[in-house]
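Data first, discussion second: the structure below is written as structure tokens.
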Amino acid sequence: MNVMILGPAGCGKSSLTGHFGSYLQRHGDTVRFLNLDPGCIELPYRCDFDIRDLFTVERIMREERLGPGGAMTRAMELLSRTKIPKNEADFVLIDTPGQLEVFAFHKSGPKIVNQFVNLVGLFILDASIGIADIPATYLYSLATGYRLGIDTINVINKVDLLEKRDIEELERYLRNPAALKDELRTKGVMSDIYAPLSELMQKIIPSQRNPSISAKRGTGFDELYDMLREVRCACGDLT
Ligand SMILES: Nc1nc2c(ncn2[C@@H]2O[C@H](COP(=O)(O)OP(=O)(O)OP(=O)(O)O)[C@@H](O)[C@H]2O)c(=O)[nH]1
Ligand SMILES: [Mg+2]
């Protein structure tokens, strides 16, 4: 199956691709690593397909006199017109650029994603931003899945940076987003929409399991593995 690792800049996509890939290999699964980030320098895994063999952000910036965002968008346009070689494996892990909006809100994102059949997304929420900002990231995940038209598992990463108490609060929040609506009340215009928003999230979030992991330390991978195997074996139901 194809597994696309998505999420905001620095949330741990490449770390998860590398460390979870090694974990899968230790379980006897065959794994292929695809890097679709033309802006990175170092990666913690050996690529089976690397977009940087075709174009890099740095080269496009120089040759086309573009800024970093423009060059990334251009690279994705070029990639959307390139046939990505088929990789047969139990798990094909696809690492994506930190500039998630290129995937989520430009025209080339869905064209790239549509090249992959049997695809599931892993959207990484960075726990270190704090519980008060998790709802906003969660909405970003929903917008991304909606735009790309793929089923997405939300993965809470960097839990090694939290105190046990904070992890428990986070899990309590994810089980029951409306329960914290008074504690998490935001200021300004958001305060008016926070309550109805948390009611909406109450309907969506508890129906999904959200593995809490540390991509860096390799913890929480068992639950993620079980969920992916269920998706692969069954009908794609993530509940
Ligand atoms: N403490 C901690 N740090 C992490 C974890 N996962 C990633 N990091 C750190 O977060 C930083 C970014 O990690 P990357 O894996 O490069 O994140 P990314 O999402 O691929 O970043 P971009 O591709 O640049 O968007 C690095 O310093 C990692 O060591 C984690 O589980 N715990
Ligand atoms: Mg990366």
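Counting starts at 1 for both ligands and their atoms, following the listed order. Please read all numbers here as calculations on a predicted model, not as lab measurements.
Ligand 1 has no nitrogen or oxygen under 3.5 angstrom from a nitrogen or oxygen of R217. The shortest N/O to N/O separation between K158 and ligand 1 falls below 3.5 Å. Every N/O-N/O distance between I213 and ligand 1 stays at or above 3.5 Å. In terms of polar-atom proximity, C11 is counted as a contact of ligand 1, with an N or O under 3.5 Å from an N or O of the ligand. On a distance-only criterion, A9 and ligand 1 share no N/O pair closer than 3.5 Å. On a distance-only criterion, L161 and ligand 1 share no N/O pair closer than 3.5 Å.
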Discussion item. Evaluate L36 against I112 for side-chain contact (heavy atoms from CB on, under 4.5 Å), listing each step before the verdict.
Written reply: CA-CA 10 Å; L36 302 189; I112 297 166; 4.1 Å; yes
Worksheet item: Yes or no on salt bridge (charged side-chain N to carboxylate O under 4.0 Å, His left out) for R165 and E169, after CA distance, side-chain angles and deciding distance?
Response: CA-CA 6 Å; R165 192 169 41 101; E169 190 181 29; over 6 Å; no
Worksheet item: Can you check side-chain contact (heavy atoms from CB on, under 4.5 Å) on L16 and N157, steps first, answer last?
Response: CA-CA 9 Å; L16 181 65; N157 188 31; 5.8 Å; no
Item to complete: Given side-chain contact (heavy atoms from CB on, under 4.5 Å), test V155 with I5 step by step and report yes or no.
Response: CA-CA 10 Å; V155 179; I5 324 285; over 6 Å; no
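Among the atoms of T96, none of the N, O or S atoms falls under 2.8 Å from the Mg ion (ligand 2).
The protein heavy-atom contact nearest to atom 6 (N) of ligand 1 is N157 ND2, 3.3 Å. Among all protein heavy atoms, the one lying closest to atom 28 (C) of ligand 1 is S15 OG, 4.0 Å.
When each atom of ligand 1 is checked for a heavy atom of G12 under 4.0 Å away, the hits are 7 (C), 13 (O), 14 (P), 15 (O), 17 (O), 18 (P), 19 (O). For ligand 1 and D160, the ligand atoms under 4.0 Å from any heavy atom of the residue are 1 (N), 2 (C), 30 (C), 31 (O), 32 (N). Short contacts between ligand 1 and G98, defined as distances under 4.0 Å to a heavy atom of the residue, involve ligand atoms 25 (O). Close contacts of ligand 1 with D37, meaning ligand atoms under 4.0 Å from a residue heavy atom, involve 23 (O).
The salt bridge (charged side-chain N to carboxylate O under 4.0 Å, His left out) check on D226 picks up nothing, with sequence neighbours excluded.
L24 pairs in a side-chain contact (heavy atoms from CB on, under 4.5 Å) with only one of the listed residues (T30, L93, V3), which is L93.
Contacts of V159 with ligand 1, taken as heavy-atom pairs under 4.0 Å, are absent altogether. With a 4.0 Å cut-off on non-hydrogen atoms, L16 does not touch ligand 1 at all.
Within the structure, the closest approach of G10 to ligand 1 falls below 4.0 Å when heavy atoms are considered.
In this structure, atom 26 (C) of ligand 1 has no protein heavy-atom contact shorter than 4.0 Å.
Under a 4.0 Å N-O distance rule, the pair D95/K13 does not qualify as a salt bridge.
In this structure, OG in S128 is found 9.0 Å from CG in D160, a value given to the nearest 0.5 Å.
Judged by distance alone, the side chain of R74 and the main-chain N or O of M61 form no donor-acceptor pair under 3.5 Å. Judged purely by atom type and a 3.5 angstrom limit, N87 uses its side chain to pair as donor or acceptor with the backbone of P85.
Between Y225 and Y23, the two ring planes are perpendicular [angle over 60°; tilted spans 30° to 60°].
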